[in-house]
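Accompanying notes for the structure given below.
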2 protein chains.
Amino acid sequence: MKLSKQARQHELKNTIEDTPFIRDEELARRFGVSIQTIRLDRMELSIPELRERIKSVATQEWNETVKALPIEEVIGEVVDLELDVRAISILDIKPEHVFSRNNIARGHHLFAQANSLAVAVINEDLALTAGSTIRFTRPVKLGERVIAKARVKGDDSKGRTIVDVHSYVDNDEVFAGSFEMFRENEPKEVGEK
Amino acid sequence: MKLSKQARQHELKNTIEDTPFIRDEELARRFGVSIQTIRLDRMELSIPELRERIKSVATQEWNETVKALPIEEVIGEVVDLELDVRAISILDIKPEHVFSRNNIARGHHLFAQANSLAVAVINEDLALTAGSTIRFTRPVKLGERVIAKARVKGDDSKGRTIVDVHSYVDNDEVFAGSFEMFRENEPKEVGEK
DNA sequence: ATTACTGTTAGTACCTAGTCTTAATTCGTG
DNA sequence: CACGAATTAAGACTAGGTACTAACAGTAAT
């Protein structure tokens with residue numbers, strides 16, 4: 001059975017939140033319904049059309065909320081950010097990111113995107129990465145667009161915040177990492193500078 | 001006198017750079033020429049249409065060309081290398097490596113140094129990082145010299161080569177990582193889609 | 001004076017990714 | 001099978017363009 005209307009609308013919302021640059025046509029294809037249905041759904045959910053969505057990304061509803069990182073220091077382009085909850089960034093793989101021999105993106109760029117997103121999502125003036133475990137699921141090629149999604153999982157026993165980041169190219173996971181973030185202002189201790 | 005073509009095009013470029021959301025209609029009004037003239041000008045200057053401009057603001061050709069941090073040069077200088085055994089590199093922490101707020105080196109630079117050393121130490125035309133577990137032991141400050149030492153530990157069950165990297169500043173460990181390296185010439189793996 | 005050329009303006013057809021409206025069709029369930 | 005909800009379809013219109021053709025004015029060269 002195809003998704004119920006409720007379920008579809010729920011997924012629709014998520015999909016658009018994740019990839020705001022998607023057209024109705026592509027959404028219709030994905031959900032196996034007509035374009036009109038997608039448009040009805042958008043209307044019911046009051047989700048604006050593509051161009052308006054792009055505009056609102058461009059007009060920085062997000063960028064004023066970044067605390068730990070000046071936005072220009074985030075690797076990749078932040079398209080969504082809710083502090084201490086989640087963040088999404090896009091990195092287009094360009095010639096400077098790849099090994100010249102095979103046009104595969106060098107790992108540290110994917111790491112950099114994920115790590116800086118993990119730093120950016122922390123609602124703190126100062127956040128540092130204490131450690132991380134990562135995995136490169138499949139190589140990323142020149143020209144591909146990597147969408148990194150960070151989600152704050154909560155704090156561990158030592159007061160470190162765990163941030164999971166998964167990066168995708170066309171819905172294929174290419175990178176997964178768990179970052180253990182150190183926040184300056186966790187315990188009462190003010191600590192040196 | 002109305003502006004010369006040259007002058008108008010020059011102003012046009014500036015205007016669009018300043019306020020990329022402006023429509024041709026408004027530009028025509030401002031410069032007292034027809035909308036077609038503006039379009040010809042844009043064509044000659046290869047300035048894209050409004051929607052593409054908005055998109056590129058949202059997609060950040062903007063931020064990227066301005067900052068474009070040359071991560072390529074992050075890797076450090078290799079001072080010792082014995083293939084498949086060990087390697088050492090040095091990275092001097094410069095202003096472009098640190099957070100502007102506190103002059104602490106950004107994690108991905110230490111990661112990049114270690115990761116690229118792990119790639120370099122592999123005796124293979126092509127090596128990729130499959131995964132890694134890392135730890136940032138203490139923050140590294142602007143001006144410090146980081147010495148990364150990689151040692152090849154051998155292969156795991158899946159034919160991945162394990163490389164351990166430890167980085168030091170003045171004999172203090174600042175970073176430790178274990179990298180699981182994939183070598184192209186191991187099994188038949190062609191790469192699915 | 002005629003020709004050539006540049007710069008500007010005009011008009012048409014076409015495009016995308018929608019909108020809004022009305023109507024017809026199909027689905028799920030009683 | 002009927003009925004309302006859900007879906008699809010069809011048509012007209014919009015913004016902000018592209019691409020192309022044509023026309024005209026003013027200047028320069030022949």
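In what follows, every chain begins at residue 1, and chains take the letters A, B, ... in the order their sequences are listed.
In this structure, B:Leu27 places its CG atom 14 Å from P of C:dT9, rounding to the nearest Å. In this structure, the CG atom of B:Leu50 is 15 Å from the C1' atom of D:dT14, given to the nearest Å. Whole-Å rounding puts the A:Ile54 CD1 to C:dT16 P distance at 15 Å. In this structure, A:Asp24 places its CG atom 15 Å from P of D:dA9, rounding to the nearest Å. Between A:Glu52 atom CD and C:dA17 atom C1' there is a gap of 11 Å when expressed in whole angstrom units. Distance B:Gln6 CD to C:dT8 P: 11 Å, rounded to the nearest Å. B:Ile22 has its CD1 atom 15 Å from the C1' atom of D:dG17, to the nearest Å. Going from atom CD1 of B:Ile35 over to atom C1' of C:dG11 covers 13 Å, rounded to whole Å.
Separation of atoms CZ (A:Arg29) and OG (A:Ser34) is listed at 14.5 Å; rounding is to 0.5 Å. Atom CD of B:Glu26 and atom CG of B:Leu50 lie 12.0 Å apart (nearest 0.5 Å).
A sub-4.0 Å separation between OP1 or OP2 of C:dA17 and a side-chain N or O of A:Arg53 is absent. For C:dA17, the OP1/OP2 oxygens have no side-chain nitrogen or oxygen of A:Arg39 closer than 4.0 Å.
With D:dT18, C:dT9, C:dG18 as the choices, the nucleotide that has an atom nearest any side-chain atom of B:Glu49 turns out to be D:dT18. Residue A:Gln36 has its side chain nearest to D:dT8 when only D:dT8, C:dT9, D:dG17 are considered. Each of D:dG17, C:dT9, C:dA17 was ranked by its minimum atom distance to the side chain of A:Arg51; first place goes to C:dA17. Comparing D:dA10, D:dT18, D:dT7 by their nearest atom to the side chain of A:Lys5 picks out D:dT7. Set against D:dG16, D:dT18, C:dT9, the side chain of B:Arg23 has D:dG16 as its closest nucleotide. Considering only side-chain atoms of A:Thr37, the nucleotide from C:dT9, C:dT19, D:dT7 that sits closest is D:dT7.
None of A:Phe175, A:Phe179, A:Phe136 except one satisfies the ring pair (Phe, Tyr, Trp, His ring centres under 6.0 Å) rule with A:Phe111; the exception is A:Phe179. Checking A:Lys13, A:Lys5, A:Gln6, A:Glu11 one by one against A:Gln9, the side-chain contact (heavy atoms from CB on, under 4.5 Å) holds for a single residue, A:Lys5.
Mapping A:Ser34 and B:Pro48 onto DNA chain D via the closest heavy atom, the residue that lands nearer the 5' end is A:Ser34.
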Item to complete: Decide side-chain contact (heavy atoms from CB on, under 4.5 Å) for A:Val174 and A:Glu144; before the verdict, give the C-alpha distance in whole Å, the side-chain angles of both, and the deciding distance to 0.1 Å.
Response: CA-CA 11 Å; A:Val174 296; A:Glu144 292 187 316; 5.8 Å; no
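When heavy atoms are screened at a 4.0 angstrom cut-off, A:Leu40 is found touching base atoms of the nucleic acid.
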